[in-house]
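Okay, structure first, notes after.
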Amino acid sequence: MSTDQLKKEISAIKGTHDILPGEVRLWQIAESRAREIFELYGYRELRAPVIEPTELFEKGTGASSDIVTKEMYTFTDKGGRSITLRPEYTPSVVRAIIEHRLDLQPQPLRYYYIGPMFRYDRPQKGRYRQFHQIDIEVFGEKDPAVDAEIVEMAHRLLARLGVERVMTLVNSVGCKKCRPAYGQELRKAALAVKDRLCPDCQRKAEVNPLRIFDCKNEACREAASGFPLITDFLCPECREHFQKFREYLDLYRLEYRVEPTLVRGLDYYTRTAFEIVAEHLGAQSAICGGGRYDDMVKEFGGPDLCGIGFAMGVERLLSVARIQIPETSFVYFAYLGQEAKKECLRLARALRSEGIESLVEFKDRRMKDHFSRANKLGAEWVLIVGEDELRKGKFQLKDMVNSRQFEGSVLELAAIIKGKKILETT
RNA sequence: GUGAGUGUAGCUCAAGGGUUAGAGCACCGGACUGUGGAUCCGGUGGUUGGGGGUUCGAAUCCCCUCACUCACCCCA
């Protein structure tokens, strides 16, 4: 096949992206900082498969949710099983807990994971078909202190990644006891003013009246301003949980706004719901969203184990992160002649054993071209091997940043390179 | 899934019906005998996103399609 045909016929699937070496550094830094921070709080990584039985999400994410009804990558495998590329991570963790009886381990269970998720959605900025989430889940801890813990942890990560101008929105969506009453009242209120709503909201009034709060239409906003709020319907237990959650947030000195109209899109949330939004992210402004799901494990036939978690969108996160990429330092080998080339191949091996990145290019060049090349590639050091050096067994090492030059054996030069590294990092 | 906008070289952009679609940067090579960033010269690279139509003639006008962007929707 010609490259023309390749270009025409084979390209990355819509909504998916290659992450090229230039950008992948940012990903690695974000991922390693996330791991570092989560481990500081006692969270451990749990890796679940990318593919799961379709029923897992139908049951967990919710059969009526948008994600399940129109956004899943579902296919039948050769064994006739219905398989789905996970659109979110929480159901997988719940499955793993039940399957491996992880609830028998000391609780609370604290897990994290970083990986790709898949949703068949119309791509736009901050929304892709394969996207990546940093995911946190805690099981078996009812204390709202843990609700605040994960919010605080999210903020620590954001700060560590240089994310500024964020707003934390919190709410309680109640529980099985108090939420239904609120839902009825809200629907009643919405239907009462139905004729004043836009066509879209008239539909929402039937299906999901909570969504009317989000409408940008002026008439709808006005009509919605008189709607009842969940915060006025919470049962005493939920009210207390929400109250304490906020007290812990205050203890951490975290700024937040109570947003009584905040609903998470997934059906399973109970009590705490929160979202962290960033400015300058356009319509897809939520970089982190999460909440409590106290009934999910039980509904899967597992133990009565409460849960809470959040997901961060890595692509969104990186688009607002300000990460300084540390300069890479490596040695470029400038040689003259075939004998010198062979010597360089040996020397490079020795330097790599010392933990020093070394690059020997195989094309014979003039000295000037070697330097030009080293400069272009961003080498911090150039190690020169010519006839003189071969004879003496001592080599020239040039510091490309400060234009200083040293002479010595491999180990002496290695010490100079490492010495500078140590100086820089201390 | 709906609406709007944009698609010209790897990147940033010219050419707005009329020869063979250009420039800068990048890349490769040359000038430069064992010391870089500069300069000068040259080269590779495009069926103008793809397909169809109108026309003597289309990058340019029309239709379809695909991708991207924005908004809706949804959510991370």
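To find a chain, count down the sequence lines: A is the first, B the second, and so on, and within it residues start at 1.
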With [atom1] as the reference atom in both, quote the distance from [N] to [M] in angstrom, rounded to an integer.
N: G7(B); M: G50(B); atom1: P; value: 14 Å
N: G10(B); M: G5(B); atom1: C1'; value: 25 Å
N: A38(B); M: A76(B); atom1: C1'; value: 48 Å
N: U69(B); M: G49(B); atom1: C1'; value: 15 Å
N: A59(B); M: G52(B); atom1: P; value: 13 Å
N: U8(B); M: G46(B); atom1: P; value: 15 Å
N: U60(B); M: U48(B); atom1: C1'; value: 10 Å
N: C62(B); M: U44(B); atom1: C1'; value: 36 Å

Point to revise | nucleotides 30-39 of chain B: protein proximity per nucleotide (B base, S sugar-phosphate only, - neither; heavy atom, under 4.0 Å) | key: -SB-BBBB--
Mind checking [X] for me? I need base, sugar-phosphate or nothing, with any heavy atom below 4.0 Å counting as a touch.
X: Tyr128(A); value: base
X: Ala374(A); value: nothing
X: Gly15(A); value: sugar-phosphate
X: Gly126(A); value: base
X: Lys14(A); value: sugar-phosphate

Euclidean distance, atom [atom1] of residue [X] to atom [atom2] of [N] [Å, nearest integer]:
X: Arg129(A); N: A67(B); atom1: CZ; atom2: C1'; value: 11 Å
X: Asp121(A); N: C73(B); atom1: CG; atom2: P; value: 13 Å
X: Met117(A); N: A76(B); atom1: CE; atom2: P; value: 11 Å
X: Trp27(A); N: A76(B); atom1: CH2; atom2: P; value: 16 Å
X: Gln284(A); N: U69(B); atom1: CD; atom2: C1'; value: 13 Å
X: Gln124(A); N: A4(B); atom1: CD; atom2: C1'; value: 13 Å
X: Ile276(A); N: C75(B); atom1: CD1; atom2: P; value: 18 Å
X: Ile13(A); N: C68(B); atom1: CD1; atom2: P; value: 12 Å

Check your understanding: Do Arg127(A) side-chain and C73(B) base share a donor-acceptor contact under 3.5 Å?
Key -> yes
Practice item. Test for a donor-acceptor pair under 3.5 Å between the base of C70(B) and the side chain of Arg122(A), counting only N and O atoms. Key: no
Practice item. Would you please classify the geometry between the Tyr293(A) ring and the Phe139(A) ring as parallel, tilted or perpendicular, with 30° and 60° separating the classes? Key: perpendicular
Exercise for review: Would you please classify the geometry between the Trp381(A) ring and the Phe406(A) ring as parallel, tilted or perpendicular, with 30° and 60° separating the classes?
Suggested key: tilted
Any strand is fair game: report the nucleotide pairing with [N] by Watson-Crick or G-U wobble, both distances under 3.5 Å, or none.
N: G5(B); value: C68(B)
N: C27(B); value: G43(B)
N: G57(B); value: none
N: G22(B); value: C13(B)
N: G37(B); value: none
N: C73(B); value: none
N: C32(B); value: none

Exercise for review: Would you name the heavy atoms of Lys142(A) and Arg292(A) that are closest together and state the gap between them?
Suggested key: O-NH2, 3.5 Å
Check your understanding: Under the rule syn = chi within 90° of 0, otherwise anti, which is G43(B)?
Key -> anti
Review point. Between NZ of Lys376(A) and OH of Tyr332(A), what distance do you get to the nearest 0.5 Å?
Key: 10.5 Å
Review point. Going from CG on Asp232(A) to OH on Tyr182(A), what distance comes out if it is rounded to the nearest 0.5 angstrom?
Key: 8.5 Å
Check your understanding: If you check every side-chain atom of Arg119(A), which of C74(B), A76(B), C70(B) has the closest atom?
Key -> A76(B)
Review point. If you check every side-chain atom of Ala311(A), which of A76(B), A4(B), C73(B) has the closest atom?
Key: A76(B)
Check your understanding: Is there a side-chain contact between Tyr111(A) and Ile97(A), using heavy atoms and a 4.5 Å cut-off?
Key -> yes
[X] and [Y]: side-chain donor and acceptor closer than 3.5 Å?
X: Asp250(A); Y: Tyr256(A); answer: yes
X: Glu137(A); Y: Thr90(A); answer: yes
X: Glu389(A); Y: Tyr335(A); answer: no

Check your understanding: Start at the 5' end of RNA chain B and walk down; is the nucleotide closest to Lys70(A) or to Gln133(A) reached first?
Key -> Lys70(A)
Review point. Cation-pi between Arg129(A) and Tyr120(A): NZ/CZ under 6.0 Å from ring centre and within 45° of the ring axis?
Key: yes
